[in-house]
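A short worksheet on the structure shown next.
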Amino acid sequence: MEYNVKTFKEMLIEENSRHNLVSRKSLPVELEKHIEDSRSLLNFMDLKGSRVVDIGSGAGFPGLVLAIYCPEGEFLLLESDLKKTEFLQAVINRCGLKNCQVLRKRIEEVGRSELRNSFDFCSCRALAMMNIVLEYGLPLLRLGGKLLLWKGKNYSREIEQAANALDILGGKVVDIFTYSLMAERDRAIVVVEKERDTPAKYPRRVGIPAKRPL
Ligand SMILES: C[S@@+](CC[C@H](N)C(=O)[O-])C[C@H]1O[C@@H](n2cnc3c(N)ncnc32)[C@H](O)[C@@H]1O
């Protein structure tokens, strides 16, 4: 595992000098924080034997890191950007990860495909406000599946603002894991369970969830 993480870090630093996959000023010190942040979930939750979709994976946080540290889980990294998906695939190939696949598609399209209602977990970090991410993630989950949202310390405000979206889409906040990364209790993973079926009209077509959040 540690060897694969080392390979991932080296490849990311190298690729970032050509294409800006993550903020350049933050590397390489911040890279350790992104990895630790991604991995933190495993202190609270076991993903063994689960199907996990990571939405808006970017350079691999948290999905690729979780796939490295949890070989017994099955991961799909969903990302629309070509350069980023090429990078993710290159890391998977170099590390020989058998439990991780990449899909270059818009999340809204996948939510209306045969992959709808099929995942146990959906992970998401730094993609959008919670009310938008709920519309992306809940349709992908099976009933009882859980959306895992990496948030900063202002998560309570986002939860309040997402009340309408939770109600419409059939989700309920069931847990909040807080932990410290740079400052005390500065990070949180908000867990939203899919309690009811998400109405078929969601997600709306590409671009609409972000443009007109519920
Ligand atoms: C700010 S980055 C965050 C990346 C990563 N999760 C992290 O924490 O570093 C958001 C990523 O989501 C992708 N993205 C945004 N909207 C998307 C959509 N509707 N479908 C697929 N990918 C999307 C972007 O291309 C970008 O790579």
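Whatever order the structure lists them in is the order used to number ligands and atoms, beginning at 1. Fair warning: this is a prediction, and the values are worked out from it, not measured in the lab.
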| message | Show the atoms of ligand 1 that are less than 4.0 angstrom away from any heavy atom in R125. | response | 3 (C), 5 (C), 6 (N), 7 (C), 8 (O), 9 (O)
May I ask you to check whether [X] has an N/O atom sitting below 3.5 Å from an N/O atom of ligand 1?
| X | answer |
| --- | --- |
| A59 | no |
| F61 | yes |
| P62 | no |

Could you tell me if [Y] and [X] have a donor-acceptor pair between their side chains, going purely by distance under 3.5 Å?
| X | Y | result |
| --- | --- | --- |
| Q89 | N93 | yes |
| N4 | T7 | no |
| H19 | E15 | yes |

| After noting the C-alpha distance and the side-chain angles of D37 and Y179, does the key distance pass the side-chain hydrogen bond (donor to acceptor under 3.5 Å, both in side chains) rule? | CA-CA 9 Å; D37 193 26; Y179 55 100; 2.4 Å; yes
| message | Using only atom types and a distance under 3.5 Å, with no angle test, would you say the side chain of N16 pairs donor to acceptor with the backbone of V22? | response |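 At least one qualifying donor-acceptor pair exists.
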Give me the nearest non-hydrogen protein atom to [atom] as residue plus atom name, then the distance to 0.1 Å.
| atom | result |
| --- | --- |
| atom 4 (C) of ligand 1 | G56 O, 3.4 Å |
| atom 23 (C) of ligand 1 | S80 OG, 3.6 Å |
| atom 16 (N) of ligand 1 | L127 CD1, 3.8 Å |
| atom 20 (N) of ligand 1 | I107 N, 3.0 Å |

| side-chain hydrogen bond (donor to acceptor under 3.5 Å, both in side chains) between T178 and R185, worked out | CA-CA 6 Å; T178 60; R185 301 274 161 210; 3.2 Å; yes
| query | Would you say the side chain of V192 lies within less than 4.5 Å of the side chain of M130, judging by non-hydrogen atoms? | reply |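 Yes, close enough: below the 4.5 Å cut-off.
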| said: Minimum distance, heavy atoms only, to atom 11 (C) of ligand 1: which one of R106, E79, K84 is it? | reply: E79
| field | Option set A126, G58, A128, criterion heavy-atom distance to atom 10 (C) of ligand 1, minimum | value |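 Minimum heavy-atom distance to atom 10 (C) of ligand 1 goes to A126.
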| request: Determine whether the side chain, the backbone, both or neither of S57 has a heavy atom under 4.0 Å from any heavy atom of ligand 1. | output: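 For S57, only backbone atoms sit under 4.0 Å from ligand 1.
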| Does ligand 1 have any atom that is closer than 4.0 Å to a heavy atom of K105? | yes
| query | Can the ring centres of F8 and F61 be said to be less than 6.0 Å apart? | reply | yes
